[in-house]
Structures are given as structure tokens and as C-alpha cells.
Amino acid sequence: LHQSVWRSVKDISLVGNNQNLWHFVRNLQCSLHPEIVDLFHWEDIYNFCNPTGLSLCELRESTEYELECESCWNMVEWFWTILLDDFTDEDRRRFLKFCSGRRALSKTSSQPLTLHVSSMLNDSIYPTAHTCFFTLHVPQYSSREIFTDRLHYALNNVTEMDADYT
């Protein structure tokens with residue numbers, strides 16, 4: 001892929017149907033000269049392929065926080081590092097399904113993600129979510145690695161809404 005198109009694809013997050021995106025990018029690459037492709041901004045490609053979707057940046061800007069203590073901000077930083085840097089696209093889709101019951105976000109949804117961080121330090125508790133309220137509840141973990149592990153476990157093992165088996 002041409003470098004600008006690749007950057008565009010990498011910037012697009014949480015696209016509901018990645019097949020459409022890849023087909024569009026391939027067709028764009030085959031149809032247009034690279035200098036013309038450079039005229040496209042990643043948001044143009046994103047809006048064309050997923051006009052109702054919400055990016056991770058928009059999700060982060062709209063997220064509300066319920067923090068039980070000042071030290072909980074560390075968990076917020078870890079959360080976004082995990083979601084933005086450590087997770088694959090499939091992990092992000094599982095996260096959305098876990099928290100909202102959907103595989104992609106909509107710009108028309110009026111409900112922001114709420115991240116509730118407990119003041120309790122407990123590495124043995126797993127994250128829980130309330131899909132009706134688009135809320136994720138987590139305790140404080142002693143490390144980002146434990147947070148990542150517990151979140152991965154919850155996302156991969158709780159596959160039904162309202163069936164919290166963690």
C-alpha cells in the first residue's frame with residue numbers, strides 16, 4: 001500500500017466492517033495515482049467507509065470518569081494505553097461488545113462510555129460492564145500487565161450480555 005493510504009488505514013479505528021475499508025483502499029490504490037491519494041485525509045476515507053462510526057479519539061474525548069480516589073487516574077492512563085496501543089482491532093471490537101453490546105460505535109449514540117474505577121486495590125477481581133449504561137467497572141490493579149490480563153480474560157470469556165461469569 002502507498003504510505004499515505006497505509007497511514008489512513010492505521011488511523012481509522014473501530015470500523016464496523018473492515019472488509020468495506022480494505023476493498024475501498026485496494027480500489028483506491030489501483031484507481032488513483034499516489035499523488036492523488038495524498039489529497040485524501042484519513043477522515044475522508046473513514047467517513048466514506050463508515051459514515052456513522054466513532055473513532056477511538058472521539059470515544060476518548062467523550063468518556064466520563066467515575067473515580068473513587070485521586071490515585072485512580074493511573075488506571076485511566078493504563079486503560080487508554082491498553083485500548084489504543086496494546087489491543088488489536090478484534091480486541092477493541094470485543095471491548096465494545098463487552099461494554100455496549102455492539103461491535104461498532106455510532107456517532108448518533110448519545111451515551112458516552114463511563115469508566116468507573118474503584119478505590120479498592122485488588123488484582124483478583126475482573127472488570128465488569130453494564131451494557132445498558134455503556135459502563136466499565138474496574139478495581140485498581142497493581143500493574144498495567146495485570147489490568148491487560150484481567151481485561152482480556154473478561155472480553156474473551158464473557159460472551160453474553162447480562163451473563164457475568166467472571
Side-chain angles (χ1 to χ4, degrees), residues 1 3 6-22 25 42-43 45-46 49-50 52-107 109-166:
L1 287 174
Q3 188 64 27
W6 179 247
R7 266 194 320 271
S8 298
V9 171
K10 296 285 283 178
D11 286 340
I12 298 172
S13 301
L14 304 176
V15 176
N17 185 347
N18 281 331
Q19 290 291 84
N20 290 344
L21 174 64
W22 286 108
V25 169
W42 71 267
E43 288 176 332
I45 297 172
Y46 175 82
C49 296
N50 191 27
T52 60
L54 189 69
S55 73
L56 279 175
C57 294
E58 292 166 317
L59 177 64
R60 187 176 190 171
E61 289 172 8
S62 67
T63 297
E64 296 177 355
Y65 303 99
E66 295 176 358
L67 309 176
E68 293 184 4
C69 62
E70 193 63 33
S71 64
C72 292
W73 280 108
N74 195 36
M75 292 294 299
V76 171
E77 290 177 27
W78 287 349
F79 170 75
W80 289 110
T81 301
I82 292 166
L83 203 61
L84 295 170
D85 299 335
D86 299 345
F87 272 15
T88 65
D89 287 340
E90 186 57 34
D91 291 333
R92 291 182 191 111
R93 280 188 284 280
R94 283 190 188 116
F95 169 77
L96 287 176
K97 188 162 172 62
F98 181 74
C99 293
S100 71
R102 294 183 240 139
R103 304 258 307 157
L105 292 174
S106 171
K107 285 186 179 182
S109 174
S110 60
Q111 195 164 30
L113 170 66
T114 300
L115 177 61
H116 177 97
V117 182
S118 168
S119 61
M120 177 178 46
L121 177 63
N122 192 333
D123 288 342
S124 63
I125 295 178
Y126 291 87
T128 58
H130 299 281
T131 56
C132 290
F133 303 106
F134 195 22
T135 301
L136 178 68
H137 291 268
V138 295
Q140 286 195 62
Y141 294 110
S142 60
S143 71
R144 189 177 106 204
E145 292 74 23
I146 292 173
F147 188 4
T148 304
D149 179 66
R150 298 300 181 263
L151 190 53
H152 262 130
Y153 181 87
L155 302 182
N156 291 309
N157 290 289
V158 178
T159 58
E160 299 294 325
M161 287 192 316
D162 301 322
D164 184 11
Y165 299 110
T166 54

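- When all heavy atoms of G101 and T131 are compared, the pair lying nearest together is N-CG2, 3.7 Å.
- Here the straight-line distance linking atom CG of L115 with atom OG1 of T135 works out to 9.5 Å at 0.5 Å rounding.
- A donor-acceptor pair is defined here as one N or O able to donate and one able to accept, closer than 3.5 Å; such a pair exists between the side chain of Y141 and the backbone of I125.
- In this structure, D91 contributes its side chain and T88 its backbone to a donor-acceptor pair below 3.5 Å.
- To the nearest 0.5 Å, atom CG of residue N157 and atom OH of residue Y126 are 8.5 Å apart.
- One N or O on the side chain of R150 and one on the backbone of D123 form a donor-acceptor pair closer than 3.5 Å.
- Between H152 and F87, the ring planes lie tilted relative to each other; the angle falls in the 30° to 60° range.
- Under the 3.5 Å distance criterion, the side-chain polar atoms of R92 are matched with a main-chain donor or acceptor of L84.
- Two residues are said to be in side-chain contact when any heavy atoms from C-beta on lie closer than 4.5 Å; D86 and W78 fail this criterion.
- The number of heavy-atom neighbours closer than 6.0 Å to OH of Y65, taken from other residues, nucleotides and ligands shown, is above 12.
- Here the side chains of W73 and L67 are in contact, with some heavy-atom distance below 4.5 Å.
- The two residues S119 and Q140 come nearest to each other via the heavy atoms O-NE2, 3.3 Å.
- In this structure, E77 CD and R144 CZ are separated by 11.0 Å, a value rounded to the nearest 0.5 Å.
- Listed here is the closest heavy atom pair of M120 and P139: O-CB, 3.6 Å.
- Nearest approach of L151 to I82, heavy atoms of both residues: CD2-CG2, 4.3 Å.
- Summarising the geometry, atom CZ belonging to F79 is positioned 11.0 Å from atom OG1 belonging to T148; distances are rounded to the nearest 0.5 Å.
- Residues F95 and L113 are in side-chain contact: their nearest non-hydrogen atoms beyond the backbone lie under 4.5 Å apart.
- Of the inter-residue distances, the one linking F134 atom CZ with L59 atom CG reads 5.5 Å to the nearest 0.5 angstrom.
- Between P127 and A154, the shortest heavy-atom contact is O-CB, 4.0 Å.
- The minimum heavy-atom distance linking I146 with S143 is given by the pair N-OG, 3.1 Å.
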